[in-house]
Q: 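Please find one structure pasted underneath; my questions will follow.
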2 protein chains.
Amino acid sequence: MPFKFCPGTLADMTEQPTATHADQDFLRLDGQICFALNAASRAFGGLYRVVLKDLGLTYPQYLVMLVLWEHGEMPVKEIGRHLRLDSGTLSPLLKRLEAAGLISRERSTQDERSVRARLTGEGAALRARAVEVPRRIAAATGFDLTEVVDLQARLSRLTAALDAAVPMEEAREAQEA
Amino acid sequence: MPFKFCPGTLADMTEQPTATHADQDFLRLDGQICFALNAASRAFGGLYRVVLKDLGLTYPQYLVMLVLWEHGEMPVKEIGRHLRLDSGTLSPLLKRLEAAGLISRERSTQDERSVRARLTGEGAALRARAVEVPRRIAAATGFDLTEVVDLQARLSRLTAALDAAVPMEEAREAQEA
DNA sequence: CGCAATTCAGTTGTGCACAATTCAATGCCG
DNA sequence: CGGCATTGAATTGTGCACAACTGAATTGCG
């Protein structure tokens, strides 16, 4: 029966001046939550790694291909918006997909700063083999669809809250200096 | 109103012989789920990165320190069990924590294969500054505690299901060869 | 006992994540 | 039009994740 001393939300216990028993417990709880999310993300990656080996894709490469299978062609910047990734991650990743013959890259003619990634015939054809991926994942885990969709919604809200919180913390940090 | 054609669980649609409209939709849904989990994990890391900069810790280093703050001393192997990490990740990470003066490492006398990580005085003292980390995260995001604990439980079940599924897929792969 | 299989930490190599920087192309404002 | 801030991609450097491998210590079994 842990945390019975806790009123409602974590945010309620914000102005404690010194370390208390509650602090110790929240530090432990923090570890459990961080660990759970981290571990789930990596476990997901681990299962996909095995399933995707047939296709010659890594998990992040698969995510990029999913975006391109849906849209056919897209600027690097917009891929980054979809996947929450920056150019430092995407540039080398896209270069590897290009080396594998799955995509091509070309500068936009309208805006020469922008680079558009486009599926090659081979890249588009790979989709036919990829459609079995969700089946294999589903078969291996027996997920309940409604619960998974619900989990996705919660995680998306969590991500939005976390991203919104970063500027606050950076402001607080700047104020200290 | 998507996926109305779907009966109950993803696992039900396992024996489709060829790609259907449903396959296309599940491929899209798969992307949304993978992306949500990935993005949430990285967003978490991003907020912690900002908050932990004061302590001079990265997010994975913080997770290791949380384990050690709770247990004081622990073999590398057991840290790996707690955090679901292998020696290839932990060895260099622990070496950096040692270089920072937060932990020491020594071979166990009972079993010389095992290396035990132990908090230094400085490492133990850092805990006093770390107790404010959950407060700052909570204050920045305003999380509801009960919901977070529920999410943690779901994620832990997910991780267990995913980890259990990997050997099945590896067996399937071996059978193809 | 003796040796084969296992266990544990560490190393190597590949790829992802992200901060910080660079550079060219673009947009904007006077 | 000219100059200056902004945007987009790429690069560099650091650190994490993991597969594959090495080598030493231990365990277990004949």
Side-chain angles (χ1 to χ4, degrees), chain A residues 34-35 38-50 52-53 56-64 74-81 83-100 105-117 162-163 166 170 173, chain B residues 34-35 38-50 52-53 56-64 74-81 83-100 105-117 162-163 166 170 173:
Chain A
C34 294
F35 161 66
N38 236 308
S41 175
R42 297 207 318 283
F44 232 72
L47 179 55
Y48 275 86
R49 188 192 319 281
V50 175
L52 291 172
K53 197 155 57 175
L57 292 174
T58 67
Y59 183 49
Q61 287 167 8
Y62 172 67
L63 296 180
V64 170
M74 189 176 281
V76 172
K77 185 71 177 181
E78 200 174 341
I79 297 176
R81 262 194 297 274
L83 299 182
R84 202 188 170 282
L85 291 171
D86 66 1
S87 68
T89 299
L90 285 174
S91 285
L93 191 158
L94 292 172
K95 205 179 290 187
R96 280 185 283 271
L97 288 178
E98 187 176 38
R105 289 183 305 155
E106 52 195 68
R107 296 226 163 243
S108 163
T109 50
Q110 293 88 8
D111 184 343
E112 296 223 344
R113 292 170 304 183
S114 172
V115 170
R116 305 184 68 82
L162 292 164
D163 281 339
V166 167
E170 282 172 344
E173 170 193 353
Chain B
C34 294
F35 162 65
N38 235 313
S41 176
R42 297 206 320 281
F44 233 73
L47 179 55
Y48 275 87
R49 187 192 319 279
V50 175
L52 291 172
K53 197 155 56 174
L57 292 175
T58 68
Y59 183 49
Q61 288 167 7
Y62 172 66
L63 296 180
V64 169
M74 190 176 280
V76 172
K77 184 70 179 182
E78 200 174 340
I79 298 175
R81 262 195 296 274
L83 299 182
R84 201 188 170 281
L85 291 171
D86 67 1
S87 69
T89 300
L90 285 175
S91 285
L93 190 156
L94 293 172
K95 204 179 290 187
R96 281 185 283 270
L97 287 179
E98 188 177 36
R105 291 183 302 156
E106 52 196 67
R107 297 230 162 241
S108 165
T109 49
Q110 293 89 9
D111 184 345
E112 297 224 343
R113 292 170 304 182
S114 172
V115 169
R116 304 183 68 82
L162 291 164
D163 282 339
V166 167
E170 282 172 344
E173 169 194 354

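Chain identifiers are assigned alphabetically (A, B, ...) following the order of the sequence lines, protein sequences preceding nucleic acid strands; residue numbering begins at 1 within each chain.
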Q: Rounded to the nearest angstrom, tell me the gap between atom CD1 in Ile79(B) and atom P in dC8(C).
A: 14 Å
Q: Between Val76(A) and Arg49(A), who's closer to the 5' end of DNA chain D by nearest nucleotide?
A: Val76(A)
Q: Taking atom CG of Leu90(A) and atom NZ of Lys77(A), what is their separation to the nearest 0.5 Å?
A: 10.0 Å
Q: Rounded to whole Å, please give me the gap between CG in Leu90(B) and P in dG15(D).
A: 16 Å
Q: With no hydrogens and no angle check, is any side-chain donor or acceptor of Ser91(B) less than 3.5 Å from a backbone partner on Ser87(B)?
A: yes
Q: On DNA chain C, compare the nucleotides closest to Arg113(A) and Ser87(B); which residue's is nearer the 5' end?
A: Ser87(B)
Q: Ignoring backbone atoms, test whether Ser91(A) places a side-chain nitrogen or oxygen under 4.0 Å from the OP1 or OP2 oxygen of dA10(D).
A: yes
Q: How long is the line joining CD of Glu112(B) and C1' of dG23(D), in whole Å?
A: 14 Å
Q: Below the 4.0 Å mark, does dA9(C) have OP1 or OP2 next to a side-chain nitrogen or oxygen of Arg105(B)?
A: no
Q: Any donor-acceptor pair under 3.5 Å linking the side chain of Arg107(B) with the backbone of Arg113(B)?
A: yes
Q: Using a heavy-atom cut-off of under 4.0 Å over every strand shown, decide if Glu78(A) touches base, sugar-phosphate, or nothing.
A: nothing
Q: Using whole Å, report how far OH of Tyr48(A) lies from C1' of dC18(D).
A: 19 Å
Q: OP1, OP2 of dT7(D) versus side-chain N and O of Ser114(A): anything below 4.0 Å?
A: no
Q: Where do Leu63(B) and Phe35(A) come nearest, in terms of heavy atoms and distance?
A: CD2-N, 4.4 Å
Q: If you check the Pro75(B) side chain, which of dA25(C), dA9(C), dT26(D) turns out closest?
A: dA9(C)
Q: Using a 4.0 Å heavy-atom cut-off, does Thr89(A) contact any base of the nucleic acid, only the sugar-phosphate backbone, or nothing at all?
A: base
Q: Are any of Lys95(B)'s side-chain N or O atoms less than 4.0 Å away from OP1 or OP2 of dT11(C)?
A: yes
Q: Give the rounded distance in Å between these two atoms: OH of Tyr62(A) and C1' of dG15(C).
A: 19 Å
Q: If we ignore hydrogens and angles and just use 3.5 Å, is the side chain of Glu98(B) paired with the main-chain N or O of Lys95(B) as donor and acceptor?
A: no
Q: Of the nucleotides dC8(C), dA17(D), dA19(C), which one has an atom closest to the side chain of Asp86(A)?
A: dA19(C)
Q: Rounded to whole Å, please give me the gap between CG in Leu52(A) and C1' in dA19(D).
A: 16 Å
Q: Within this structure, what is the CG-to-P distance between Leu93(B) and dG15(D), rounded to whole angstrom?
A: 10 Å
Q: How many Å lie between CG on Leu85(B) and P on dG15(D), as a whole number?
A: 17 Å
Q: Report yes if a side-chain nitrogen or oxygen of Arg107(A) is closer than 4.0 Å to either non-bridging phosphate oxygen (OP1 or OP2) of dG8(D); otherwise report no.
A: no
